[in-house]
Amino acid sequence: MRKKQFKAESKKLLDMMINSIYTNREIFIRELISNASDAIDKLYFKSLTDDSVGMSKGDFEIFVETDKDARTITVSDNGIGMTGEELEANLGTIAQSGSLNFKNDNDAAKENDIEVIGQFGVGFYSSFMVASRVEVVSKAFGSETAHKWTSEGADGYTIEECEKESAGTVITLYLKEDSENEDYSQFLESYRLSELIKKYSDYIRYPIKMPMTHSVPDEEKEGEYKEEVSVDTLNSMIPLWRKNKSEIGEDEYNEFYKNKFMDFENPLAVIHSKTEGQATFDALIYIPSRPPYDFYSKEYEKGLQLYTNGVLIMDKCGDLLPDYFSFVRGIVDSADLSLNISREILQQDYQLKIMAKAIDKKIKNELKKMLSNDREKYEKFFDTFGVQLKWGVYANYGADKDALKDLIMFKSSESGKYETLREYADNMREGQDTIYYACGETPEKIALLPQTEAVKAKGYDVLCFTDDVDEFAIQMLMEYDGKKFANICKDELNLSSDEEKKALDEKNEASKDLLEEMKNYLDGEVSSVKFTNSIGEHAVCLSAEGYVSLEMAKVLSQMPGGNQGMKAQLVLEVNSEHRVAEKLFEFFAKDKDKLKTYTKILYNEARLISGLQLDNPTEFADMISELM
């Protein structure tokens, strides 16, 4: 029997198949099972119009078997089979796709729920990543003769007649010997093979069966167990996401989530949808109750599991989720995707962008619904993942700020409860045109700030910013519903009457020599010292002027590389109505040393109130002791 040679370009492609195109050897089983499913689809399609087939959908199956002694894996199906000519055409010419031809030639197939998986005709050759020899025995439906195709790789192949009782195909892989770097024997272990089938082909629509060894109680020997072999169906066949929502209960959704994504808590929300139009896909998306165990590690990868016609293509498709929804888990299944030749990496195409945009919108709508209908659940969600949404407002130069601004919340200094920006704006006092906020470690500490007391005394609420990202996000947002934001420790608040402002301006002007002297005592620590009338009964506070606030400066100082050259321009504000102001004038006239001591004490007090560390706490303690 003469060995036939692959065409020159096919030999080169086969070498690429084995060494380059597929990066993960284990996917060979996915490809063989997908091909078997396509072969069954073709015969099932034929059975819809040809009674001579004599088989219904429940008669079809894929059978997988291993032989450790012979080092073989066998995948067989009872599908359409191939003639000798088709073996020559489909396996003798690499990248000749019988499945693609069938798909192109039979528009009615899709109408009858026939979804072939094969696209490129190259998946079969992934077998040579693990096998030194491959045999294919196939008998076409309606043919009297079977044929065997045999190849050891790029050297060529043979085709000869053989015996086979019924239509279908049997593929036998003779595995390579193990080497120092490769463990091919792992694929002979039934548990390993079943694990891969479950991972990649769980939703193939026909049963995938394999003999499995189980340990069962020995009825003849009490308390002992024996090994028993049974033929098990390894795949679940019907994807949950392809069922009608009316057929699925909450418990089924939750159990699927916990088993699929290895979580012990039920999800907060489930989004089950089918999208049709520019991109057609099924999606089953979960919003978790808690972050994935590795969420805050460098190893964490965002993304949804991506399937095409029930076959796993990517375990984590990051392009389907924006970073601010990186905690979302789920599955997307589409037959419309443009895949590359290995079916491993997705091409960056228009379809993918449409899907990502639709998924993003569905998640936002679900969160808005939760916010409106189940406030307690939404607040639980926001406690866990709210920082992600606020980073989303800030990221990409605020590209997503308008879509996310109504989902973010902050604690109110008035009620101590969460408020959305919408709620704050709706509850503003008549004539109020500013949304006030303050930054700090906790709402309790923010409530103690002198500026907070002054703003609340005017009847205005203050939003508490306690996360590092908060102020950066609000700076990016700039305004909400026409209302500007004001940091009560930095921005001009305009809380005083015109008469009060005039009186304060006159006092600062008259005191400029005193204030300049105090600034010099602080040796560059502040950009200015001034009197204020907006801190209630408190003697002193720190504020900032310019773009960078106190909190922003703290955050920047903690980043790699320090503060990136950005520091807050601190302002020491002294209460013009406090008795300490009188003392400052007295010491300015009579005792400059005491003025210097008082200035440093006041500055350190202001730093403590603002939550800043003291540069020299010992000096501060000594100055207090001297006063006492």
Side-chain angles (χ1 to χ4, degrees), residues 24 27 30 33-34 37 113 115 117 195-205 208 234-276 279-295 300-322 325-339 343-346 351-367:
N24 190 353
I27 57 82
R30 176 191 75 183
I33 288 175
S34 296
S37 176
D113 195 30
E115 296 177 336
I117 300 164
E195 179 185 76
L196 295 177
I197 291 169
K198 189 76 176 170
K199 175 181 178 180
Y200 290 108
S201 306
D202 194 34
Y203 306 111
I204 291 289
R205 66 180 66 212
I208 304 169
L234 304 179
N235 59 324
S236 56
M237 289 180 277
I238 302 176
L240 186 66
W241 56 87
R242 287 197 175 182
K243 292 182 179 180
N244 290 326
K245 285 190 277 188
S246 59
E247 300 174 3
I248 308 170
E250 183 180 352
D251 289 344
E252 190 173 0
Y253 278 126
N254 291 343
E255 285 307 308
F256 180 87
Y257 166 76
K258 288 190 282 191
N259 292 331
K260 190 75 173 175
F261 299 105
M262 293 180 290
D263 198 349
F264 56 83
E265 287 188 38
N266 290 333
L268 278 178
V270 181
I271 305 168
H272 184 184
S273 67
K274 183 176 182 65
T275 302
E276 295 180 329
T280 299
F281 63 93
D282 295 284
L284 183 55
I285 296 168
Y286 291 93
I287 297 174
S289 298
R290 61 187 188 89
Y293 73 94
D294 58 345
F295 188 63
Y300 181 76
E301 288 183 70
K302 68 169 182 171
L304 302 176
Q305 288 192 343
L306 183 64
Y307 288 76
T308 182
N309 294 323
V311 177
L312 179 65
I313 301 301
M314 293 180 70
D315 193 48
K316 294 276 183 74
C317 184
D319 292 324
L320 288 174
L321 286 176
F325 286 151
S326 58
F327 52 85
V328 170
R329 320 293 288 273
I331 287 159
V332 174
D333 190 347
S334 175
D336 290 347
L337 297 172
S338 299
L339 306 179
R343 288 213 296 245
E344 288 181 309
I345 304 169
L346 209 64
Q351 295 285 349
L352 182 64
K353 292 177 182 177
I354 293 173
M355 290 169 58
K357 187 175 181 180
I359 291 166
D360 181 45
K361 185 177 181 181
K362 288 179 189 296
I363 298 170
K364 286 171 182 167
N365 287 341
E366 180 65 27
L367 291 175

Short N-O contact, Asp263 and Arg290, less than 4.0 angstrom: yes

Under a 4.0 Å threshold between the charged nitrogen and the carboxylate oxygen, would Lys258 count as salt-bridged to Glu255? yes

Closest heavy-atom pair and its distance - [X], [Y]:
X: Glu265; Y: Ser289; result: OE1-CB, 3.4 Å
X: Ser326; Y: Lys302; result: CB-CB, 3.7 Å
X: Gly310; Y: Arg242; result: N-NH2, 4.2 Å
X: Asn254; Y: Pro267; result: OD1-CD, 3.4 Å
X: Ile331; Y: Lys260; result: CD1-CE, 3.8 Å
X: Pro288; Y: Phe327; result: CG-O, 3.3 Å

Pi-cation contact, Tyr253 with Lys245 (under 6.0 Å, within 45°): no

Report yes or no: does [X] contribute a side-chain atom to a donor-acceptor pair with the main-chain N or O of [Y] at less than 3.5 Å?
X: Arg30; Y: Val311; answer: no
X: Thr275; Y: Thr280; answer: no
X: Tyr300; Y: Pro292; answer: no
X: Lys243; Y: Ile248; answer: no
X: Asp333; Y: Asp282; answer: no
X: Asn309; Y: Ala335; answer: no

Can you measure from [atom1] ([X]) to [atom2] ([Y]) and round to the nearest 0.5 angstrom?
X: Leu304; Y: Ile359; atom1: CG; atom2: CD1; value: 5.5 Å
X: Ile208; Y: Ile33; atom1: CD1; atom2: CD1; value: 4.0 Å
X: Ile285; Y: Leu321; atom1: CD1; atom2: CG; value: 7.0 Å
X: Phe281; Y: Leu306; atom1: CZ; atom2: CG; value: 11.0 Å
X: Ile271; Y: Glu366; atom1: CD1; atom2: CD; value: 5.0 Å
X: Leu284; Y: Arg329; atom1: CG; atom2: CZ; value: 13.0 Å

Can you list everything that forms a ring pair (Phe, Tyr, Trp, His ring centres under 6.0 Å) with Phe325? Sequence neighbours excluded, please.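 Testing Phe325 for ring pair (Phe, Tyr, Trp, His ring centres under 6.0 Å), a comparison that skips the adjacent residues, returns none.
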
Looking at residues at least two apart in the chain, or sitting in another chain, which of them share a ring pair (Phe, Tyr, Trp, His ring centres under 6.0 Å) with Tyr286? Tyr257

I'd like to know whether [atom1] of [X] has more than 12 heavy-atom contacts from other residues, nucleotides or ligands below 6.0 angstrom.
X: Lys361; atom1: NZ; answer: no
X: Lys357; atom1: NZ; answer: no
X: Glu250; atom1: CD; answer: no

Could you check Asp315, Val332, Ile313, Leu320 and say which one makes a side chain to side chain contact (heavy atoms under 4.5 Å, CB included) with Gln305?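 Among Asp315, Val332, Ile313, Leu320, the one that satisfies the side chain to side chain contact (heavy atoms under 4.5 Å, CB included) with Gln305 is Asp315.
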
Sequence neighbours excluded, which residues qualify as side-chain hydrogen bond (donor to acceptor under 3.5 Å, both in side chains) partners of Lys364?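 Partners of Lys364 under the side-chain hydrogen bond (donor to acceptor under 3.5 Å, both in side chains) test: Tyr324, Asp360.
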
Classify the ring geometry between Trp241 and Tyr307 as parallel (under 30°), tilted (30 to 60°) or perpendicular (over 60°).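 If you compare the ring of Trp241 with that of Tyr307, the planes turn out tilted.
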
